[in-house]
Amino acid sequence: MRAQSDGLVKEYLHFQGAPLSNPDYNQKPQTEGLPTLEDLPASPWKRLSLSVSAFASLASWFESVILWQTDLNPKAKQLHKRLETCHQQLKALCSSLATILGRTDLSYPSTPTVSKTFAKKIAGYAVCVSFINWLQQTERDLAILIAETAV
């Protein structure tokens, strides 16, 4: 997963046009409905449970982003492939975490809709950034739990 997620944001922004593709662009994207890392509980187990919900939400967002990018940037085949691979890996991680946590209630929300072109580009950027952030947080939480678990 790390190999596909590394460089995702940079590649995504490259295909979006100005101002997003400007080398110095570094605005924090915000899109309503995306999961955030704010106010996480202290327990890594509880954070992992939130990660499952976040990844389920992000999986639905990725579906929309893939459709938007296929329409907005039809020649960006490598980007489409990377988004699709991240989407598949995201769903696999979500399912695996749900199994580890004994959650049987895993469901994916409906795919979000955005009508304006620039809003789609910003939402896609926000999805990519959120995916990376949640992936890193989940990695840290799993490392903590592995270190605490007696073998």
Side-chain angles (χ1 to χ4, degrees), residues 1-41 44 46-101 103-144:
M1 271 184 102
R2 175 66 66 127
Q4 284 301 316
S5 63
D6 284 347
L8 173 64
V9 173
K10 184 177 179 178
E11 183 175 4
Y12 179 85
L13 290 175
H14 171 76
F15 287 101
Q16 304 314 306
L20 298 173
S21 62
N22 294 345
D24 59 343
Y25 186 81
N26 63 355
Q27 297 293 316
K28 295 246 185 210
Q30 294 184 342
T31 298
E32 190 174 321
L34 271 178
T36 65
L37 290 169
E38 295 176 16
D39 302 322
L40 289 177
K46 289 181 181 177
R47 289 193 303 263
L48 282 181
S49 183
L50 290 174
S51 291
V52 171
S53 299
F55 288 141
S57 174
L58 285 167
S60 296
W61 276 96
F62 258 99
E63 285 183 33
S64 291
V65 172
I66 291 166
L67 291 173
W68 299 335
Q69 287 303 305
T70 301
D71 182 48
L72 294 171
N73 293 300
K75 294 181 181 178
K77 301 295 184 198
Q78 190 61 33
L79 174 62
H80 303 158
K81 182 178 178 181
R82 181 177 273 192
L83 289 168
E84 185 61 45
T85 300
C86 287
H87 177 242
Q88 293 304 320
Q89 291 175 340
L90 170 65
K91 287 180 76 172
L93 177 61
C94 186
S95 178
S96 295
L97 285 175
T99 299
I100 289 169
L101 297 172
R103 287 187 51 183
T104 58
D105 62 339
L106 182 60
S107 63
Y108 297 95
S110 59
T111 55
T113 57
V114 175
S115 58
K116 297 191 186 282
T117 299
F118 191 71
K120 288 177 182 179
K121 291 178 179 187
I122 292 292
Y125 173 42
V127 168
C128 292
V129 169
S130 184
F131 169 60
I132 302 295
N133 291 342
W134 278 100
L135 189 59
Q136 291 170 342
Q137 180 63 49
T138 301
E139 223 175 12
R140 288 190 296 269
D141 291 337
L142 288 171
I144 290 168

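Nothing fancy with the numbering, it's 1 onward along the sequence.
- Note that CD of Gln27 and CG of Asn22 are 11.0 Å apart. Values are rounded to the nearest 0.5 Å.
- Within the 3.5 Å criterion, the main-chain N or O of Ser64 finds no donor-acceptor partner in the side chain of Thr111.
- For Gln137, the side-chain hydrogen bond (donor to acceptor under 3.5 Å, both in side chains) criterion is met by Arg140, Asp141, not counting sequence neighbours.
- Summarising the geometry, atom CD belonging to Glu63 is positioned 12.5 Å from atom CG belonging to Leu83; distances are rounded to the nearest 0.5 Å.
- Shown here for Cys94 and Leu106, the closest heavy-atom pair between the two residues is SG-CD1, 3.4 Å.
- The nearest pair of heavy atoms linking Gly33 to Ser57 is O-OG, 3.9 Å.
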Determine, stepwise, if the pair Thr36 / Asn133 fulfils side-chain contact (heavy atoms from CB on, under 4.5 Å).
CA-CA 9 Å; Thr36 65; Asn133 291 342; over 6 Å; no

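- No side-chain heavy atom of Leu48 sits less than 4.5 Å from a side-chain heavy atom of Ile100.
- Taking each heavy atom of Leu93 and Phe55 in turn, the nearest pair found is CD2-CE1, 3.5 Å.
- Closest of all the heavy-atom pairs between Trp68 and Gly124 is CZ3-N, 4.5 Å.
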Margin query: Using side-chain contact (heavy atoms from CB on, under 4.5 Å), reason through Tyr108 and Lys91 one step at a time and then give a plain yes or no.
Written below: CA-CA 9 Å; Tyr108 297 95; Lys91 287 180 76 172; 4.1 Å; yes

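- Ser51 contributes a side-chain N or O that, together with a main-chain N or O of Arg47, makes up a donor-acceptor pair within less than 3.5 Å.
- Side-chain contact check for His80 versus Glu84: every heavy-atom pair is 4.5 Å or farther apart.
- Here the side chain of Ser130 pairs no donor or acceptor atom with the backbone of Ala126 at under 3.5 angstrom.
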- Query: Under the side-chain contact (heavy atoms from CB on, under 4.5 Å) criterion, do Tyr125 and Tyr25 qualify, and how do the steps go?
  - Reply: CA-CA 12 Å; Tyr125 173 42; Tyr25 186 81; 3.6 Å; yes

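- Between Thr31 and Pro112 the shortest side-chain heavy-atom distance does not fall below 4.5 Å.
- Atom-to-atom distance recorded for Leu50:CG and Thr138:OG1 is 10.0 Å, nearest 0.5 angstrom.
- By the 6.0 Å contact criterion, CG on Asp39 is open, its count of non-hydrogen atoms from other residues, nucleotides or ligands being 12 or less.
- Residues satisfying the salt bridge (charged side-chain N to carboxylate O under 4.0 Å, His left out) criterion with Arg103, sequence neighbours excluded, are Asp105.
- When all heavy atoms of Phe62 and His87 are compared, the pair lying nearest together is CB-CD2, 3.4 Å.
- For the residue pair Pro35 and Trp134, the shortest heavy atom distance occurs at O-NE1, 3.4 Å.
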Taking it one step at a time, do Leu20 and Phe118 satisfy side-chain contact (heavy atoms from CB on, under 4.5 Å)? CA-CA 10 Å; Leu20 298 173; Phe118 191 71; 4.2 Å; yes

N/O donor to acceptor pairs below 3.5 angstrom from side-chain atoms of residues 8-18, sequence neighbours left out:
| unit_1 | atom_1 | unit_2 | atom_2 | d |
| --- | --- | --- | --- | --- |
| Glu11 | OE1 | Arg82 | NE | 3.3 |
| Glu11 | OE1 | Arg82 | NH1 | 3.2 |
| Glu11 | OE2 | Leu79 | N | 3.3 |
| Tyr12 | OH | Gln69 | NE2 | 3.3 |
| Tyr12 | OH | Lys121 | O | 2.9 |
| Gln16 | OE1 | Gln69 | NE2 | 3.1 |
| Gln16 | NE2 | Tyr12 | O | 2.9 |
| Gln16 | NE2 | Gln69 | OE1 | 2.9 |

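- Side chain of Thr70 to main chain of Ile66: a donor-acceptor pair is present (N/O by atom type, distance under 3.5 Å, no hydrogens or angles).
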